[in-house]
J.: 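I am attaching a structure below and will ask some questions about it afterwards.
Values in this document were obtained by computation on a predicted structure and should not be read as measured data.
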Amino acid sequence: MSLFLAMFGFSLTMSITPGPVNMVIVSSGVQYGFARTIPFVSGATIGFTLLLAMIGFGLYQVLERYPQVLQYLAIAGSLYVIYLGYKVASGPTEEIAVSERTLPRFHEGFLLQWLNPKAWIACVSGVALFSSPQSNSLFYFVGIYFFVCYLSLTAWALMGDRIRLVLGTEVRIKIFNRVMGALLATSAIYLLYSQFLEK
């Protein structure tokens, strides 16, 4: 039971704390509402869980052998997050402007997790803590993480939907979009700086 509680606590901490995925979800909740954000939430949850399983069942050894892979992923992830920051900042503020092409998609949520440095750190740390060759603990960890991640990301989508009601006007939503887009781009630039320029 203590192991399951530890897995739950780790999963909740890593899922609920702010990161690129959470910021995109709350922005999507503000722009498009709760229901239209759920496909992105589903893609992000499944993408993360699959990444966790792949690292746990073999990719961990590859990363230990070739740590520079994480640096290349940091570059790709940062560029993708900057692109998403631009999309968020320039997103529509009127319901009439929403089209199927601008809605957050399942595959975008999935891809963002695979390019999200926070997701890789969470997966590698979690596998190091909770995988054991002598038990099925990794299977339980993946299952718990899926459940906790889905609920956490859904809560961010709901928060975005509620913020939309508070913001009310088109001008305020536009300002919110700009701020969230700038925060996403800033986090990506900081990641690049911490990965390369500080070394």
Side-chain angles (χ1 to χ4, degrees), residues 11-48 51 73-122 148-198:
S11 305
L12 182 62
T13 302
M14 296 305 290
S15 299
I16 205 75
T17 52
V21 172
N22 309 71
M23 283 195 277
V24 171
I25 288 172
V26 75
S27 298
S28 176
V30 168
Q31 292 180 56
Y32 307 110
F34 177 76
R36 287 173 166 159
T37 303
I38 290 300
F40 186 93
V41 168
S42 301
T45 303
I46 292 170
F48 179 87
L51 177 63
L73 282 167
I75 294 171
S78 296
L79 294 174
Y80 188 62
V81 169
I82 289 169
Y83 163 72
L84 286 176
Y86 167 75
K87 280 189 71 174
V88 166
S90 60
T93 55
E94 296 178 355
E95 186 72 19
I96 200 166
V98 176
S99 71
E100 286 301 313
R101 288 181 304 149
T102 61
L103 289 173
R105 304 289 189 136
F106 177 93
H107 71 272
E108 290 175 324
F110 187 99
L111 179 62
L112 180 55
Q113 290 289 32
W114 281 73
L115 294 175
N116 178 10
K118 182 189 171 190
W120 282 84
I121 291 167
V148 171
C149 184
Y150 205 95
L151 287 181
S152 298
L153 298 185
T154 299
W156 279 94
L158 187 59
M159 184 173 73
D161 189 58
R162 300 300 94 185
I163 289 172
R164 181 183 182 89
L165 298 177
V166 173
L167 292 174
T169 67
E170 183 182 334
V171 173
R172 288 179 185 165
I173 292 174
K174 187 178 288 187
I175 291 169
F176 181 84
N177 290 349
R178 301 287 190 271
V179 170
M180 293 301 289
L183 285 173
L184 274 170
T186 302
S187 68
I189 291 165
Y190 175 76
L191 173 69
L192 285 175
Y193 172 78
S194 63
Q195 283 287 318
F196 300 102
L197 297 180
E198 281 188 346

J.: Could you give the distance from OG1 (Thr37) to CG (Leu153), rounded to the nearest 0.5 Å?
T.: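 Rounded to the nearest 0.5 Å, the OG1-CG separation comes out at 11.5 Å.
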J.: Could you measure the distance from the CZ atom of Arg105 to the CZ atom of Phe40? Nearest 0.5 Å is fine.
T.: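 Those atoms lie 12.5 Å apart.
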J.: Quick one, Ile16 and Trp156 - any side-chain contact, counting heavy atoms below 4.5 Å?
T.: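 Of all side-chain heavy-atom pairs linking Trp156 with Ile16, at least one is under 4.5 Å.
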J.: Ala122: which residues meet the side-chain contact (heavy atoms from CB on, under 4.5 Å) condition with it, sequence neighbours left out?
T.: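 Counting only residues at least two positions away or on another chain, Ala122 forms a side-chain contact (heavy atoms from CB on, under 4.5 Å) with Met14, Phe48, Tyr145.
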J.: Okay, side chain of Gln113, backbone of Gly47: is any donor-acceptor separation there less than 3.5 Å?
T.: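 No, the answer is negative, given that no donor and acceptor are paired below the 3.5 Å cut-off.
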J.: Under the rule for side-chain contact (heavy atoms from CB on, under 4.5 Å), what residues qualify as partners of Ser27, not counting sequence neighbours?
T.: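 With sequence neighbours excluded, Ser27 shows a side-chain contact (heavy atoms from CB on, under 4.5 Å) to Gln31, Val88, Phe176, Met180, given in chain and number order.
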J.: Pair up each side-chain donor or acceptor in residues 18-25 with any protein partner under 3.5 Å, not counting sequence neighbours, and list the distances.
T.:
from  : atom 1 : to    : atom 2 : distance (Å)
Asn22 : OD1    : Gly19 : N      : 3.4
Asn22 : ND2    : Ser15 : O      : 3.0

J.: Identify, with sequence neighbours excluded, every residue that meets side-chain hydrogen bond (donor to acceptor under 3.5 Å, both in side chains) alongside Ser11.
T.: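 Per chain and number, Ser11 pairs via side-chain hydrogen bond (donor to acceptor under 3.5 Å, both in side chains) with no residue.
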J.: With sequence neighbours excluded, what pairs up with Ile46 under the side-chain contact (heavy atoms from CB on, under 4.5 Å) test?
T.: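 Partners of Ile46 under the side-chain contact (heavy atoms from CB on, under 4.5 Å) test: Phe106, Phe110, Phe146.
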J.: My understanding is that only residues two or more places apart in sequence, or in another chain, count here; which of them pass side-chain hydrogen bond (donor to acceptor under 3.5 Å, both in side chains) with Ser42?
T.: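 Only Tyr150 meet the side-chain hydrogen bond (donor to acceptor under 3.5 Å, both in side chains) criterion with Ser42.
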J.: Taking only residues two or more places apart in sequence, or in another chain, which ones meet Leu158 in a side-chain contact (heavy atoms from CB on, under 4.5 Å)?
T.: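 side-chain contact (heavy atoms from CB on, under 4.5 Å) list for Leu158, sorted by chain: Phe34, Arg162.
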J.: If every non-hydrogen atom of Thr13 is compared with every non-hydrogen atom of Thr17, which pair is closest and at what distance?
T.: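 Scanning both residues, the minimum pair turns out to be O-OG1, 2.8 Å.
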J.: Looking only at heavy atoms, which two atoms of Trp114 and Trp120 are closest? And how far apart?
T.: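 So the minimum-distance heavy-atom pair works out to O-NE1, 2.8 Å.
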J.: Closest heavy-atom contact between Ala119 and Leu51?
T.: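 Minimum heavy-atom contact is CB-CD2, 4.2 Å.
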J.: Which heavy atom in Thr154 sits nearest to a heavy atom in Val41, and how many Å separate them?
T.: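 The answer is OG1-CG1, 3.8 Å.
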